[in-house]
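Written out below as structure tokens is the structure these notes cover.
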Number of protein chains: 2
Amino acid sequence: MPGSKTDLRVIRTKEAIRDALIELIDEKGFEAITVKDITTRAKINRGTFYAHYQDKFDLMTKCEEEIMLEMSRIVKQNFPSVIDSLEMDSPTVPPFPLTVSLFEYLNKNSDIMKAVLGPKGDLSFQTRLKEFMWETLYGNNPNSMVKEENFLVPAQYLASYMGTAKIGVIQQWLNSGRKESPQEMARILTTITVNGPLFAAGLKK
Amino acid sequence: MPGSKTDLRVIRTKEAIRDALIELIDEKGFEAITVKDITTRAKINRGTFYAHYQDKFDLMTKCEEEIMLEMSRIVKQNFPSVIDSLEMDSPTVPPFPLTVSLFEYLNKNSDIMKAVLGPKGDLSFQTRLKEFMWETLYGNNPNSMVKEENFLVPAQYLASYMGTAKIGVIQQWLNSGRKESPQEMARILTTITVNGPLFAAGLKK
DNA sequence: CAATAAATACACACCGTGTTGTTTATTATG
DNA sequence: CATAATAAACAACACGGTGTGTATTTATTG
């Protein structure tokens, strides 16, 4: 497995592979892609691909790893104690720094984010992202926001509800062309969460 | 393409194929399955499979079609005007007949529902289901519950939020062993939606 | 029991996979 | 600067699943 992170050949190859992957996900969907597709598009030999990655899943996993790391970094940057976060982004007072930062990241990397989170994307990544949010909300840590006390429903379902809901909004935003700014999206997401969907829809309680 | 819907051979074959599919999705995930896997497991000739379905995607699509039809039927049965529904299941008063009916259906067919909605399931189906909910909530029909007026956020995002949130709760229930009854799940889901996630979590508004 | 239709057995070309051995490019050193 | 050492990129190969076609056997219906 080639490793030299400064070798120009390696850098070129990996970049070409990654770009080809993103393009192809957009075109045919992740599961329809073959390694041959990728290497043809990237204009490299198929063998070269296998020198770097085990298969297309390995490639995908490694791309996603980068994303997850970067998102964790953003969360930590805004909330060094890691985890009060997400829901706790000063519920009522703009500018919701964490949520804005996350949407800005999504915006900057919208090509790949749209690819993996889109309807032809990678289910396993969506599952991982969901688990990341679930853990953040409900996981075994002293700061988790959803505690098993004073709740009207089992906390695990609350965590699922909130986690998937947020992902759903992100997906809708990405797939409908990102017409709103990250700031606006942060406001939207926070408003729904804090007020509750029905009230946010303008219905009386 | 064999057609006689009363021919016992056809019925047996289709059932065997369907059962094999569900088992295999659970074991290896949909995309890892080969037609050969299915026919071996179903103990039929591979040629027979192609007599009934074009490929594994065709098979999957047809299974999913049944599910969608049945769910639409349940919705219509509870709300003949089709669509006030889903959210509108008498928000505060049990027993939430529509939601209970849906969970009972999911419960009865938990094998296949877990397979398609699970982490190794079929993303395209999850997308379709999401669209179904989205349309139900927001689509172009006079009864859609989310109207573009009096809202605090764009309606499309509200619809995405609620749609995916509900699916998320269903997935969590299926994947954690369905320990709660359909009635209990209906209460949980309605409570979160009506009260809003934060309040349902026991936080002050 | 005859007619019919489904299921099987077998064979074929095709394509993507993953691996192996060879060639070519980069880098480090005398 | 030249050249050996290293490692990346490439070409060729064997394997397994796919989809299709055809002849044959087995089961169902009238």
Side-chain angles (χ1 to χ4, degrees), chain A residues 1-63 66 115 120-124, chain B residues 1-64 115 120-124:
Chain A
M1 351 150 174
S4 318
K5 295 193 173 168
T6 53
D7 194 321
L8 291 177
R9 291 172 298 180
V10 177
I11 295 172
R12 257 186 287 130
T13 299
K14 288 202 166 186
E15 220 171 83
I17 289 176
R18 190 194 161 92
D19 290 348
L21 175 71
I22 294 173
E23 283 178 33
L24 287 166
I25 290 178
D26 214 47
E27 291 172 24
K28 348 167 57 179
F30 175 66
E31 51 176 320
I33 295 175
T34 66
V35 173
K36 204 182 179 208
D37 288 335
I38 297 170
T39 55
T40 303
R41 179 70 59 104
K43 296 194 191 74
I44 60 166
N45 187 278
R46 205 162 55 80
T48 306
F49 178 93
Y50 288 104
H52 291 278
Y53 305 100
Q54 286 188 352
D55 49 35
K56 69 165 179 167
F57 301 100
D58 184 43
L59 164 63
M60 198 67 195
T61 304
K62 278 168 179 158
C63 284
E66 285 177 36
K120 293 179 192 166
D122 178 16
L123 182 57
S124 80
Chain B
M1 353 153 171
S4 320
K5 295 195 173 171
T6 53
D7 196 321
L8 291 176
R9 291 171 295 182
V10 176
I11 295 172
R12 256 184 288 132
T13 299
K14 287 202 167 184
E15 220 172 83
I17 289 176
R18 190 193 160 90
D19 290 349
L21 176 70
I22 294 172
E23 282 179 34
L24 286 166
I25 290 178
D26 213 48
E27 291 171 25
K28 344 166 63 178
F30 175 68
E31 50 177 319
I33 295 176
T34 66
V35 173
K36 207 181 178 211
D37 287 335
I38 297 171
T39 55
T40 303
R41 178 70 59 105
K43 297 194 192 72
I44 61 165
N45 188 278
R46 200 162 59 86
T48 306
F49 178 92
Y50 288 103
H52 290 279
Y53 305 100
Q54 286 188 353
D55 49 36
K56 68 166 181 166
F57 300 101
D58 183 44
L59 165 63
M60 197 67 195
T61 304
K62 277 167 180 159
C63 283
E64 293 168 353
K120 292 179 191 165
D122 178 15
L123 181 57
S124 80

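Since we're looking at a predicted model, the values are computed, not measured. Residue numbers start from 1 in every chain, and the chains themselves are labelled A, B, ... in the order their sequence lines are given, proteins ahead of strands.
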Dump the intermediate steps for side chain to side chain contact (heavy atoms under 4.5 Å, CB included) on Glu66(A) and Arg18(A), then the final yes or no. CA-CA 12 Å; Glu66(A) 285 177 36; Arg18(A) 190 194 161 92; 3.3 Å; yes

Check against side-chain hydrogen bond (donor to acceptor under 3.5 Å, both in side chains), Thr34(A) and Asp37(A): CA-CA 5 Å; Thr34(A) 66; Asp37(A) 288 335; 3.1 Å; yes

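Atom CD1 in Ile44(A) sits about 13 Å away from atom P in dA8(D), given to the nearest Å. Computed from coordinates, the Glu31(B) CD to dG16(C) P distance equals 17 Å when rounded to whole Å. Counting to the nearest Å, the P atom of dA7(C) and the CD1 atom of Ile11(B) are 11 Å from each other. Rounded to an integer number of Å, the gap from CG of Leu24(A) to P of dG16(C) is 13 Å. For Phe57(B) and dT18(D), the CZ to P distance is 10 Å, given to the nearest whole Å. Atoms CD1 (Ile38(B)) and P (dG17(D)) sit 13 Å apart, rounded to a whole Å. Rounded to whole Å, the distance from OH on Tyr53(B) to P on dT20(D) is 16 Å.
Between Glu31(A) atom CD and Leu123(A) atom CG the span is 9.0 Å, to the nearest 0.5 Å.
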What pairs of nitrogen or oxygen atoms, one from the protein and one from nucleotides 17-20 of chain C, lie under 3.5 Å apart?
unit_1: dT17(C); atom_1: OP1; unit_2: Val35(A); atom_2: N; d: 3.2
unit_1: dT17(C); atom_1: OP2; unit_2: Val35(A); atom_2: N; d: 3.2
unit_1: dT17(C); atom_1: OP2; unit_2: Lys36(A); atom_2: N; d: 3.2
unit_1: dT17(C); atom_1: O4; unit_2: Arg46(A); atom_2: NH2; d: 3.4
unit_1: dG18(C); atom_1: OP2; unit_2: Tyr50(A); atom_2: OH; d: 2.9
unit_1: dG18(C); atom_1: N7; unit_2: Arg46(A); atom_2: NH1; d: 2.9
unit_1: dG18(C); atom_1: N7; unit_2: Arg46(A); atom_2: NH2; d: 3.3
unit_1: dG18(C); atom_1: O6; unit_2: Arg46(A); atom_2: NH2; d: 2.5

Protein-nucleotides 26-30 of chain D N/O pairs under 3.5 Å:
unit_1: dA27(D); atom_1: N3; unit_2: Arg9(B); atom_2: NH1; d: 3.3
unit_1: dT28(D); atom_1: OP1; unit_2: Arg12(B); atom_2: NH2; d: 2.8

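Remark: His52(B) is not in phosphate contact with dA6(C), judged by side-chain N or O atoms under 4.0 Å from OP1 or OP2. Residue Thr13(B) has a polar side-chain atom (N or O) positioned under 4.0 Å from OP1 or OP2 of dA7(C). The phosphate of dA7(C) has neither OP1 nor OP2 within less than 4.0 Å of any side-chain N or O from Asn45(B).
Across every non-hydrogen atom of Lys120(B) and Glu27(B), the tightest pair is NZ-O, 3.4 Å. Across all non-hydrogen atoms, the minimal contact from Ala115(A) to Ile22(A) is CB-O, 4.3 Å.
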